[in-house]
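Predicted model only: the values in this text are computed from it and were never measured.
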Amino acid sequence: QVQLVESGGGSVQAGRSLRLSCAASGYTYMSAYSGAYMGWFRQAPGKEREGVAVINSAGRANYADSVKDRFTISKVNAKYTLYLQMNSLKPEDTAIYYCAAGRYGEVWYDLSLLPPTSYAYWGQGTQVTVSS
């Protein structure tokens with residue numbers, strides 16, 4: 001069973017940076033992890049969960065307009081870890097951040113920000129709070 005565990009959240013002032021990590025376990029082969037499409041989502045109080053960034057099965061990335069040029073998604077397959085580097089943080093970035101992975105063995109090359117229902121595995125979330 002695939003499990004995802006996020007870390008790296010915290011409280012920072014606007015303009016600062018944070019790096020979130022998402023450690024994966026349960027992948028029998030590295031090729032299954034390296035080929036997995038994965039994403040970062042966030043959910044602010046009273047709002048729906050929204051896609052922030054996606055990395056597809058070919059390792060290409062795409063971002064929501066609200067974070068483009070500020071956030072970077074990346075994977076280190078040898079470490080089974082997904083990252084989200086967040087720079088120039090704004091108060092409106094405050095939310096619980098979740099990582100998610102597609103179904104085991106399923107590949108996806110489209111760079112669309114898929115809805116949450118397209119992902120099979122989720123982490124527990126990590127809080128990011130940005131003060132002005």
Side-chain angles (χ1 to χ4, degrees):
Q1 178 72 9
V2 171
Q3 291 187 322
L4 304 174
V5 178
E6 302 97 336
S7 61
S11 297
V12 297
Q13 289 188 322
R16 303 299 291 268
S17 299
L18 280 175
R19 189 177 78 159
L20 305 183
S21 300
C22 172
S25 61
Y27 286 92
T28 305
Y29 303 103
M30 187 185 295
S31 59
Y33 178 77
S34 64
Y37 64 93
M38 302 188 73
W40 286 98
F41 287 77
R42 66 186 181 186
Q43 189 165 19
K47 294 188 176 181
E48 292 187 355
R49 192 169 296 191
E50 64 170 348
V52 172
V54 61
I55 187 163
N56 70 2
S57 298
R60 296 183 63 195
N62 193 23
Y63 304 89
D65 289 342
S66 58
V67 306
K68 203 167 289 185
D69 298 326
R70 298 189 298 123
F71 289 11
T72 302
I73 186 173
S74 61
K75 287 172 70 181
V76 177
N77 295 325
K79 294 185 177 181
Y80 291 85
T81 303
L82 180 75
Y83 298 99
L84 185 68
Q85 178 67 41
M86 306 186 295
N87 298 329
S88 302
L89 283 162
K90 303 176 181 180
E92 51 263 45
D93 295 319
T94 295
I96 299 174
Y97 283 71
Y98 301 88
C99 67
R103 294 171 184 81
Y104 193 99
E106 182 174 296
V107 296
W108 190 262
Y109 296 108
D110 193 307
L111 281 173
S112 302
L113 289 171
L114 300 175
T117 51
S118 296
Y119 292 83
Y121 310 107
W122 290 85
Q124 82 289 350
T126 186
Q127 176 71 47
V128 171
T129 303
V130 184
S131 59
S132 58

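Between atom CG of residue Asn87 and atom CZ of residue Phe71 there is a gap of 8.5 Å, rounded to the nearest 0.5 Å. Atom CZ of Arg42 is separated from atom CG of Asp93 by 5.0 Å, given to the nearest 0.5 angstrom. Distance check, rounded to the nearest 0.5 Å: OH of Tyr119 to CG of Leu4 gives 11.5 Å. Considering OG of Ser118 and CD of Glu106, their distance stands at 8.0 Å, rounded to 0.5 Å.
In the model, Gln1 has no side-chain atom that pairs as donor or acceptor with a side-chain atom of Tyr121 under 3.5 Å.
Residue pairs that meet the disulfide (SG to SG under 2.5 Å) test with at least one member in residues 26-86, sequence neighbours left out, do not exist here. Identified under the disulfide (SG to SG under 2.5 Å) test for residues 13-106, with sequence neighbours left out: Cys22-Cys99. The disulfide (SG to SG under 2.5 Å) pairs that include a residue from residues 102-132 number zero, where partners must be two or more places apart or lie in different chains.
Looking at Asp110 and Asn56, their side chains never come closer than 4.5 Å, going by heavy atoms from C-beta outward. Under the 4.5 Å side-chain criterion, counting only non-hydrogen atoms from C-beta, Thr72 is in contact with Tyr63. Contact check for Tyr98 versus Gln43: side-chain heavy atoms found under the 4.5 Å cut-off. The closest side-chain heavy-atom distance from Leu111 to Arg60 is below 4.5 Å. A 4.5 Å side-chain heavy-atom check between Arg70 and Met86 finds every atom pair outside the cut-off. In this structure, the side chains of Ser34 and Tyr27 stay at 4.5 Å or more apart for every pair of heavy atoms. Side-chain contact between Phe41 and Leu114: absent, with no pair of heavy atoms (C-beta onward) separated by less than 4.5 Å.
Trp40 places a side-chain N or O within donor-acceptor distance of the main-chain N or O of Tyr83, the cut-off being under 3.5 Å.
Each of Val54 and Tyr104 belongs to its own hydrophobic cluster when Ile, Leu, Val, Met, Phe, Trp and Tyr are linked at side-chain heavy-atom distances under 4.5 angstrom.
Note on Lys68 versus Asp65: salt bridge recorded, some NZ/NE/NH1/NH2 to OD/OE distance being below 4.0 Å.
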